[in-house]
Amino acid sequence: MKRTMIALFGLLVLAGCAGETKIPEEPAMYLNMAQPGAVLDSQAAAIMFSQYRQNNGLGVVVVDPDLTKLAEQQSQAMAARNKMDHDVKAPLGKRLEAGGYPATIAVENISAGYHTLAEAFSGWRDSPPHKANMLKSGVTKMGIAAVYAPNTKYKVFWTLILAAT
């Protein structure tokens with residue numbers, strides 16, 4: 001009887017552990033940003049861009065909250081006008097200056113219509129001018145944003161700003 005009770009207790013403990021097992025979530029780079037409440041993982045983006053840069057002999061980039069805010073503002077401005085345009089609010093240099101960001105180097109990639117970080121990254125990587133920005137020598141910081149705008153033709157507006165101070 002004692003052995004049966006110990007065996008039952010052991011099975012209950014194992015069953016309890018099995019109930020706590022979580023299925024891994026979808027990788028951040030494949031999260032669909034074309035849905036309400038989707039949140040871009042900027043740290044995952046920084047890792048992705050840094051690995052790409054390292055594979056091309058360049059240094060890493062880290063997420064900068066001020067650049068992220070500026071990228072968010074640019075994506076929101078494009079979404080509000082349903083228009084993909086670097087100058088929809090103002091040219092990058094003026095936006096950096098107005099935001100008080102002391103950039104010595106700064107480049108920007110924008111896009112629209114990509115639903116995942118992986119798609120946006122691939123689109124930029126496959127475009128020579130955007131690729132050149134991602135591989136800009138000397139940049140050390142980044143800000144990235146994706147804004148969902150369901151009533152627009154693109155649905156998601158992306159902005160990536162890479163800079164150095």
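Keep in mind that this is a model prediction, so the values were computed, not measured. The first residue in the sequence is number 1, and the count goes up from there.
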Any side-chain heavy-atom pair from Val88 and Ile110 closer than 4.5 angstrom? no

Pairs meeting criterion salt bridge (charged side-chain N to carboxylate O under 4.0 Å, His left out) with involvement of residues 82-91, two or more places apart: Lys83-Asp85

Please check this pair: side chain of Asn133 against backbone of Val107, looking for a donor-acceptor N/O pair closer than 3.5 Å. no

Apart from Val62 itself, residues in the same hydrophobic cluster as defined by side-chain heavy atoms under 4.5 Å: none

Report whether Leu40 and Trp124 are members of the same hydrophobic cluster (ILVMFWY, side-chain heavy atoms less than 4.5 Å apart, transitive linking). yes

Please work out whether the ring planes of Phe121 and Phe49 are parallel, tilted or perpendicular, with thresholds of 30° and 60°. perpendicular

Under the rule for salt bridge (charged side-chain N to carboxylate O under 4.0 Å, His left out), what residues qualify as partners of Arg95, not counting sequence neighbours? Glu108

Those residues that, when tested against Asn56, pass side-chain contact (heavy atoms from CB on, under 4.5 Å) (two or more places apart): Tyr52, Leu135

According to side chain to side chain donor-acceptor pair (under 3.5 Å), who are the partners of Asp66, at least two apart in sequence or on a separate chain? none

Between Leu58 and Ile105, is there a shared hydrophobic cluster once you connect ILVMFWY residues whose side-chain heavy atoms come closer than 4.5 Å? yes

Derivation and outcome, side chain to side chain contact (heavy atoms under 4.5 Å, CB included), residues Ile144 and Leu67: CA-CA 7 Å; Ile144 189 167; Leu67 284 179; over 6 Å; no

Contacts of type side chain to side chain donor-acceptor pair (under 3.5 Å), residue Gln73, not counting sequence neighbours: none

Answer yes if Leu70 and Met78 sit in the same cluster of Ile, Leu, Val, Met, Phe, Trp and Tyr residues linked by side chain heavy atoms under 4.5 Å apart, and no otherwise. no

In residues 152-165, what donor-acceptor pairs under 3.5 Å come from side-chain atoms, sequence neighbours left out?
residue	atom	partner	partner atom	Å
Thr152	OG1	Ala149	O	2.7
Thr152	OG1	Lys155	N	3.1
Lys155	NZ	Pro150	O	2.8
Lys155	NZ	Thr152	O	3.0
Trp158	NE1	Tyr114	O	2.7
Thr159	OG1	Ser75	N	3.4
Thr159	OG1	Ser75	OG	2.8
Thr165	OG1	Lys141	NZ	3.2

Quick one: which residue pairs count as a salt bridge (charged side-chain N to carboxylate O under 4.0 Å, His left out) with a foot in residues 41-60, not counting sequence neighbours? none

By side-chain contact (heavy atoms from CB on, under 4.5 Å), which residues pair with Ala118, not counting sequence neighbours? Met29, Tyr30, Thr116

Cluster overlap Ile47 with Leu31, hydrophobic side-chain contacts below 4.5 Å: no

Please name all residues satisfying side chain to side chain donor-acceptor pair (under 3.5 Å) with Ser50, sequence neighbours left out, ordered by chain then number. none

Common cluster, Met84/Val147, ILVMFWY with side-chain heavy-atom separation under 4.5 Å: no

All pairs passing salt bridge (charged side-chain N to carboxylate O under 4.0 Å, His left out) where residues 112-130 contributes a residue, at least two apart: none

Check side-chain contact (heavy atoms from CB on, under 4.5 Å) between Ala38 and all other residues, then give those that pass, not counting sequence neighbours. Met33, Gln35

Could you tell me whether Glu97 atom CD has more than 12 heavy atoms of other residues or ligands within 6.0 Å of it? no

Shortest non-hydrogen pair, His130 vs Ser127, comes out as ND1-OG, 2.7 Å

